[in-house]
Amino acid sequence: MDIATNPTTPEGNPELADAAPMPHAPPVIQRADYKPLAWRVPTTHLDFQLGLEATIVTATLEIERNPDAAPSSELRLNGDSLTAQSVTVDGAPAQWRMDGPDLLLSLSGDRHTVTIVTDIDPGANTQLMGLYASGGMLCTQCEAEGFRRITFFPDRPDVLSVYTVRMAADKATFPILMCNGNRTAEGQGADGTHWAEWHDPWPKPSYLFALVAGNLVANSKPFTTASGRMVECNVWVRREDLARTDHALESLHRSMKWDEDVFGREYDLDLYNIVAVSDFNMGAMENKGLNVFNTKYVLADPDTATDADFDAVEGVIAHEYFHNWSGNRITCRDWFQLSLKEGFTVLRDQLFSQDMRGESVKRIEDVRILRAAQFPEDAGPLAHPIRPDSYREISNFYTATVYNKGAEVIRMMRSMVGESRFRAGTDLYFDRHDGEAATCEDFVRAIEDGADIDLTQFRRWYSQAGTPRVAVSQAVDGDTLTLTLMQTAPATPGQPDKLPMPIPLRVAVHSRQSGALGSEQLIVLNEAEQSFILPLTGADPVVSINRGFTAPVVIERALVREDLVFLAAQDNDPFARSEALQELAVGHLIGAAGGTLSNADRQGGEAAIIGAFRSSLNDSALDDAMRGELMVLPSETYLFEAMAAGERKADPGAIHAAREALKGAIGAALKDELLALHARTSALRLDDPAGRGARKVKSIALGFLAAGDPECAGDLAAVQYDTADNMTDRQGALMVLCGLDHPARAAKLAAFHDRYKDNALVVDKWFTLQALSLHPDVIEHVRALAQHSDFTMRNPNRVRSLHMAFAGNPKGFHAANGEGYRMVADVILALDPINPQTAARFVPALGRWRRIEPGRAAMMKAELERIMAAGNLSRDTYEQVSRSLEG
Ligand code: TRP
Ligand code: ZN
């Protein structure tokens with residue numbers, strides 16, 4: 001539905017545009033409306049009488065007028081579902097009134113002490129924002145606007161305050177009481193209670209506040225900083241999880257050391273606490289000195305976690321640790337600046353993981369994530385710049401665009417100036433803005449000044465949405481090659497026209513005839529169209545472009561198959577090798593799905609891809625980790641994007657069929673090689689240094705074999721399952737079995753559940769394996785699993801393990817009869833009243849309807865309309881559904 005025909009929103013109906021907003025349309029917040037608050041809050045005292053069902057919060061705020069803001073004798077204290085039990089100013093009853101959820105105070109003087117008492121019910125908090133109960137403990141999640149569910153406060157990131165917190169609770173239920181900073185006092189109270197007082201010396205915004213109370217034990221190991229300070233590092237978990245915390249603790253130490261070495265950043269408190277909780281909306285949270293983590297990103301041992309899980313733990317631990325500087329010491333002025341901390345911190349965790357486990361493989365993985373999650377977002381109704389201009393609910397903007405494209409944008413600056421000048425830029429940024437609530441503009445200016453580069457035009461990357469496309473053409477002239485590049489960026493909601501942006505591209509010109517590899521150089525495309533003269537190294541020049549993925553763009557060119565095969569086998573940039581194979585496969589699969597390939601073309605394409613696979617299987621110079629990357633076919637989501645260009649729509653059914661056919665052809669043609677690979681890698685033991693790469697290719701090989709010879713692969717998978725001494729092999733085997741109608745399928749699934757029924761994270765895997773499976777009955781399976789006694793809508797990990805996995809299973813979700821769409825819409829409607837943040841995350845899958853063929857598009861849109869018509873939606877879901885229908 002286009003904007004002009006959607007009567008349900010003021011935006012969609014010009015006659016309503018000036019009328020009052022619809023009663024259920026939450027207001028739009030504009031970046032341009034930012035104004036500093038008229039008051040400051042230098043110190044905040046919080047007193048908690050903690051209980052699972054009833055917690056009393058007494059907040060005492062010292063406030064003073066902000067000389068840098070327009071004066072006001074009113075102070076807005078944000079609230080969300082709170083009732084004030086008492087409000088006093090300087091000890092006397094205050095003048096106040098409610099304005100919707102907020103409390104407005106009238107103030108006459110220049111400085112005051114404001115005291116407010118609220119009581120809250122953490123046990124009833126199913127949104128998991130604010131103070132909530134999880135597995136018998138109490139914990140908080142305040143980013144972005146959760147603190148206002150605990151007490152009335154100017155809950156905005158530019159209000160920095162020094163916090164002192166006193167917690168009192170029953171000692172048996174809550175033996176451990178923690179808050180930000182350091183413990184300054186503790187004692188016993190009456191009736192089996194105890195109390196603790198904590199003080200955080202660093203001024204912080206309310207979103208970084210955290211409190212944890214529960215029965216927890218710690219894995220501890222001190223870290224000595226570069227300047228010789230001892231930091232007590234603790235990973236807090238339930239007692240039964242203690243044995244799975246070493247990897248998290250070691251990852252924290254590696255992160256602390258790396259940030260000193262690479263960014264010159266040292267930790268600034270004597271204590272670093274990480275707490276694992278099993279009910280959590282996101283991955284983890286960087287609260288000052290007290291990170292709260294989803295158990296999924298803390299707990300890992302080889303019996304229960306895959307190698308990929310280990311990597312994810314290391315990456316998230318690093319991410320939250322790095323926020324201590326990029327996020328906490330320097331925070332965001334307002335939520336439109338979210339990418340200031342998230343984009344930069346994602347870049348920092350990516351660079352860390354590259355250093356820990358190898359640059360090329362990590363880069364390939366990160367680009368795959370960007371293409372699977374961010375490119376579709378940038379091409380759809382929810383597209384937004386990395387620094388958005390407006391929102392209704394900020395939780396909806398914790399996106400792949402703000403995080404991952406945000407990281408790519410900063411990575412481009414780094415590529416243009418080189419590592420050491422980039423470091424000079426970040427040094428200046430940390431130095432100049434330490435202790436401040438800063439903007440993206442502050443960051444760009446610091447890089448400009450510190451790294452000595454003009455980023456005037458580059459700033460467009462912050463304001464323009466949409467993935468730029470770069471069309472490549474080449475002409476040979478004597479011993480040079482003229483490379484002509486043309487950039488365009490698609491229209492996105494609210495942004496019909498785009499200006500050219502600087503696009504840094506690492507390029508090299510190889511010779512296919514001689515095999516000579518050209519030297520690499522960085523060119524920057526600034527104009528809409530621009531030519532570059534490059535040296536030739538021999539006949540049949542082949543341009544290798546966007547090596548290392550220096551720019552988050554789509555390269556448009558038509559290389560002949562022989563060139564792509566040559567690059568896939570010979571390029572000296574491992575990223576470029578994997579890219580050439582992707583290009584080869586995308587070209588073939590889009591052609592096959594579109595029905596435009598002649599028989600000869602189809603066979604030729606298949607043969608070229610099989611040949612390229614054969615060379616990577618036989619290339620003894622490759623390690624298995626990299627071999628595994630070369631064997632990953634483009635995802636169906638990425639193929640949708642490639643197929644939906646201009647007037648052409650994506651056909652999920654045809655894409656799935658084409659991709660499965662290619663898998664089958666590879667599995668059949670390379671059966672012997674794949675079996676040999678599987679046998680070689682199965683001989684390695686868990687503790688073999690090459691074991692990681694081996695485990696990766698082992699299950700990839702099994703997947704291709706399953707497509708080529710299901711029975712043989714099923715038998716092999718059953719053996720792999722039975723002999724596995726680690727979760728990587730076990731899960732890999734089960735994943736293949738799940739997609740097959742093999743006699744071992746049901747037995748192994750049951751054995752897996754039985755073995756791990758007490759481990760929630762592994763039970764999540766059990767749900768996910770079935771929801772992601774290629775089995776023809778996947779929809780019936782998911783419907784039955786939603787009724788399983790282990791399933792609950794109250795736990796986000798469990799909801800994601802079943803329903804989010806299903807929404808990401810193209811075969812099930814895009815089932816031709818629309819059943820998949822209906823199931824996901826039902827999940828959104830059922831989850832919205834319980835956990836709106838998580839419910840809204842299901843909307844983008846349906847929001848892609850405009851790029852899908854008309855039959856499915858109509859059904860997807862109808863489901864969105866059904867959600868809208870249900871009324872009474874949360875701000876989160878309302879915003880996502882309405883944008884998906886308008887955009
Ligand atoms: N700042 C967190 C991170 O990126 C993200 C986060 C954790 C979050 N929990 C949240 C965002 C809840 C919104 C709501 O590390
Ligand atoms: Zn983050």
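Atoms within each ligand, like the ligands themselves, are counted from 1 in listed order.
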Student: Counting only nitrogen or oxygen atoms and a 3.5 angstrom limit, does Glu342 reach ligand 1?
Tutor: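 So ligand 1 has an N or O lying under 3.5 Å from an N or O of Glu342.
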
Student: Which of the numbered atoms in ligand 1 are below 4.0 angstrom from a heavy atom of Met285?
Tutor: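 In order of number, 1 (N), 2 (C), 7 (C).
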
Student: Is it possible for you to check whether Arg348 lies under 6.0 Å from the centre of the six-membered ring of Phe263, through NZ or CZ, and within 45° of that ring's axis?
Tutor: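 Yes; both conditions hold, so Arg348 lies above the ring face of Phe263.
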
Student: Would you mind checking which non-hydrogen protein atom is closest to atom 8 (C) of ligand 1, with the distance to 0.1 Å?
Tutor: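 The protein heavy atom lying closest is Met282 CG, 3.5 Å.
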
Student: Side chain, backbone, both or neither: which applies to Glu145 and ligand 1 if a contact is any heavy-atom pair less than 4.0 Å apart?
Tutor: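 Within the 4.0 Å criterion, Glu145 makes no contact with ligand 1.
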
Student: Need one value: angle at the Zn ion (ligand 2), His323 atom NE2 versus Glu342 atom OE2, rounded to 10 degrees.
Tutor: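 It rounds to 90°.
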
Student: On the ring face of Phe791, is Arg798 found with NZ or CZ under 6.0 Å from the centre and within 45° of the axis?
Tutor: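 Pair Arg798/Phe791 does not count as cation-pi.
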
Student: Looking only at N/O atoms, are Asn281 and ligand 1 under 3.5 Å apart anywhere?
Tutor: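 In this structure, Asn281 places no N or O atom under 3.5 Å from an N or O of ligand 1.
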
Student: With no hydrogens and no angle check, just 3.5 Å: does a side-chain donor-acceptor pair link Tyr163 and Ser206?
Tutor: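 No - no donor-acceptor pair under 3.5 Å links their side chains.
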
Student: With the threshold set at under 4.0 angstrom, would you say Ala284 reaches ligand 1 through any of its heavy atoms?
Tutor: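 Contact check Ala284 vs ligand 1: positive.
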
Student: Taking only residues two or more places apart in sequence or in another chain, which ones pass side chain to side chain donor-acceptor pair (under 3.5 Å) with Lys288?
Tutor: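 Asp268, Asn324.
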
Student: Starting from atom 5 (C) of ligand 1, what is the nearest protein heavy atom, named by residue and atom, and what distance separates them?
Tutor: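 Answer, as residue, atom name and distance: Tyr403 OH, 3.3 Å.
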
Student: May I ask you to list the atoms of ligand 1 that are less than 4.0 angstrom from any heavy atom of Glu286?
Tutor: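 So the atoms of ligand 1 that pass are 1 (N), 2 (C), 3 (C), 15 (O).
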
Student: According to side-chain contact (heavy atoms from CB on, under 4.5 Å), who are the partners of Ala805, at least two apart in sequence or on a separate chain?
Tutor: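 side-chain contact (heavy atoms from CB on, under 4.5 Å) list for Ala805, sorted by chain: Thr768, Ala771, Leu772.
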
Student: Quick check: Tyr272 with Tyr267 (ring centres under 6.0 Å apart)?
Tutor: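 Yes; Tyr272 has its ring centre under 6.0 Å from that of Tyr267.
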
Student: Suppose I only count heavy atoms of His319 and a 4.0 Å limit; which atoms of ligand 1 are within that range?
Tutor: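 Numbered from 1, ligand 1 contributes 3 (C), 4 (O), 15 (O).
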
Student: Closer than 4.0 Å to some heavy atom of Gln837 - which atoms of ligand 1 meet that?
Tutor: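 Those qualifying, in numeric order: 12 (C), 14 (C).
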
Student: Using a strict threshold of under 4.0 Å (side-chain N to carboxylate O), is an ion pair present between Asp334 and Arg156?
Tutor: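 Answer for the salt bridge query: no.
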
Student: Backbone N or O of Ser278 within a donor-acceptor pair of the Asn795 side chain at under 3.5 Å?
Tutor: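 Yes, the answer is positive, given that a donor and an acceptor are paired below the 3.5 Å cut-off.
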
Student: My understanding is that we take every heavy atom of each candidate and find the minimum distance to atom 9 (N) of ligand 1. Doing that for Glu320, Gln141, Met129, Glu143, which one comes out nearest?
Tutor: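 Shortest heavy-atom distance from atom 9 (N) of ligand 1: Gln141.
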
Student: With a 6.0 Å cut-off on ring centres, are Phe397 and Trp335 close enough?
Tutor: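 No, too far apart.
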
Student: May I ask you to list the atoms of ligand 1 that are less than 4.0 angstrom from any heavy atom of Lys341?
Tutor: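 Heavy-atom distances to Lys341 below 4.0 Å select 1 (N).
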
